[in-house]
Enquirer: 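Questions regarding the structure given below will be posed in turn.
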Amino acid sequence: MTVGRFAPSPSGRMHLGNLFTALLAWLSVRSQNGKMLLRIEDLDPDRSKQAYIDALKDDLQWLGLDWDEEMPLQSTRSEFYGRAFAQLPTYPCYCSRNELHDASAPHASDGKFIYAGTCRNLTDDERKAKIRKPAWRVCVPDREISFTDGIFGDQKENLAKECGDFIVRRSDGVYAYQLAVVCDDADGGVTEVVRGCDLLNSTPRQIWLYQALHKPVPQFYHVPLLVAPDGKRLSKREKSLDMAHLRSRFQPEELLGILSNLAGLTGENNPVSTAELIELFSWEKIGKDPIVVNSLI
Ligand code: GLU
């Protein structure tokens, strides 16, 4: 059976971009008679708020995007993530932000920095001499990780050459998103992950974690981002596109009409029901180019 999920972070009110991703995730699952999970990604205690959790559930329901089960809050699962962490080849990293920057090699293609492995081979005595609380990195392999994204096609990355050992536990003890998301999706039996294409470059790291933890790798669909007419990403700061505003201006079926037209499912902005959209939905209709949202909204 297909198992999909919504995985919103409760760090703000949902906005058009989150809804767009949520709608496609929901349509994919419902068009295959699958199971939909809701998981609140409140890993970051400083940014997550109960009011946003309540609002995002209410917003999804208002739009008609239901779910079959709710997974535990990520903030309650530290022990569970810790068991996976214990199975990984990790080491403590004491580097400060500045040291990281100085000791990293620039990424060949996009100017990002690759961790140079500074703390990988410290001796026990060197570790004991450190004062800073460490973050924990996982040793990545020097081989290509490849997968076929349902929208972006064949992808590959050599983690050792293009990413470097990455953090799986922060110095404040919070497990990193990369690890938590893999543990949770594996635990929920998730078979397809639908999310924004800003996370496409996290996927090789996550696939490697699935492999290292001996868990089956789901199918990934990275959906295009919604952008403003100037090409810039629509941000949460764009208040006119958050759900409070959208709900004051549109009925659910009107908003579904706009979203499904942006997705290329309908070719018009007319109101449409979730049931009609399930009939119309196919991944083949979804392109990979950024989608420009104009003044209509
Ligand atoms: N919580 C993430 C977000 O709201 C999504 C993570 C994921 O889907 O893997 O952007």
Side-chain angles (χ1 to χ4, degrees), residues 2-29 34-57 59-60 63 65 67 69-77 81 84 147 149-152 155 166-168 170 174-210 213 215-227 233-238 241-243 286 290:
T2 299
V3 181
R5 47 42 155 213
F6 300 125
S9 305
S11 55
R13 187 80 186 250
M14 290 229 288
H15 62 104
L16 199 72
N18 308 128
L19 285 185
F20 181 78
T21 306
L23 175 63
L24 293 179
W26 185 88
L27 285 172
S28 181
V29 167
K35 180 164 90 171
M36 193 69 188
L37 307 177
L38 171 68
R39 180 175 69 245
I40 308 293
E41 301 214 315
D42 64 341
L43 267 181
D44 191 336
D46 301 333
R47 296 180 59 215
S48 305
K49 290 206 174 68
Q50 183 61 42
Y52 293 138
I53 298 179
D54 298 340
L56 71 87
K57 288 184 184 173
D59 289 339
L60 288 169
L63 203 61
L65 306 185
W67 57 93
E69 271 172 42
E70 183 172 348
M71 295 190 71
L73 293 175
Q74 287 189 325
S75 58
T76 65
R77 302 203 96 188
Y81 304 137
F147 69 103
D149 185 76
I151 296 179
F152 281 78
Q155 307 288 316
F166 61 92
I167 290 180
V168 284
R170 302 187 333 197
V174 174
Y175 290 99
Y177 157 73
Q178 305 293 357
L179 179 61
V181 77
V182 167
C183 293
D184 282 335
D185 282 337
D187 184 47
V190 167
T191 63
E192 63 173 45
V193 169
V194 177
R195 59 188 179 192
C197 66
D198 51 330
L199 290 168
L200 186 61
N201 67 7
S202 287
T203 306
R205 278 172 273 173
Q206 294 176 14
I207 289 180
W208 179 69
L209 287 173
Y210 280 104
L213 296 168
K215 302 288 183 195
V217 179
Q219 171 66 46
F220 290 92
Y221 295 89
H222 287 89
V223 307
L225 296 184
L226 302 187
V227 295
R233 191 177 169 182
L234 288 182
S235 73
K236 290 187 185 180
R237 285 181 292 275
E238 189 71 56
L241 298 177
D242 86 12
M243 271 305 264
I286 312 298

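These numbers come from a predicted model, not from an experiment. Counting convention: from 1, in listed order, for ligands and their atoms alike.
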Enquirer: If you define the side chain from C-beta out and look only at heavy atoms, does anything of Ile207 sit under 4.5 Å from Phe220?
Expert: yes
Enquirer: List every atom of ligand 1 that sits less than 4.0 Å from any heavy atom of Val181, numbering the atoms from 1 in the order shown and giving each element.
Expert: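 Every atom of ligand 1 under 4.0 Å from some heavy atom of Val181: 9 (O).
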Enquirer: Side chains of Glu192 and Gln219: do they bring a donor and an acceptor to under 3.5 Å?
Expert: no
Enquirer: Which atoms of ligand 1 sit under 4.0 Å from any heavy atom of Arg195?
Expert: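 In order of number, 7 (C), 8 (O), 9 (O).
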Enquirer: Which protein non-hydrogen atom lies closest to atom 8 (O) of ligand 1, naming both residue and atom, and how far is it?
Expert: Arg5 NH1, 2.7 Å
Enquirer: Note the single closest protein heavy atom to atom 5 (C) of ligand 1, along with its residue, its atom name and the distance in Å.
Expert: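 For this ligand atom, the closest protein heavy atom is Ala7 O, 3.4 Å.
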Enquirer: Please work out whether any backbone atom (N, CA, C, O) or any side-chain heavy atom from C-beta onward of Val193 is under 4.0 Å from ligand 1, and answer side chain, backbone, both or neither.
Expert: neither
Enquirer: Quick one: does Pro224's side chain get under 4.5 Å of Ile286's, heavy atoms only?
Expert: yes
Enquirer: Is there a donor-acceptor pair under 3.5 Å between the side chain of Thr203 and the backbone N or O of Leu200?
Expert: yes
Enquirer: Could you check whether any side-chain heavy atom of Asp59 comes within less than 4.5 Å of a side-chain heavy atom of Arg13, counting everything from C-beta outward?
Expert: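 Yes, their side chains come closer than 4.5 Å.
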Enquirer: Using side-chain contact (heavy atoms from CB on, under 4.5 Å), reason through Met71 and Asp187 one step at a time and then give a plain yes or no.
Expert: CA-CA 9 Å; Met71 295 190 71; Asp187 184 47; 4.1 Å; yes
Enquirer: Which heavy atom of the protein is the closest neighbour of atom 3 (C) of ligand 1, given with residue, atom name and distance?
Expert: Ser9 OG, 3.6 Å
Enquirer: Within a distance under 4.0 Å of any heavy atom of Tyr177, pick out the atoms of ligand 1 and give their elements.
Expert: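 Answer for ligand 1: 6 (C), 7 (C), 9 (O).
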Enquirer: What protein heavy atom lies closest to atom 1 (N) of ligand 1? Include the residue and the distance to one decimal.
Expert: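 Result: Glu41 OE1, 2.6 Å.
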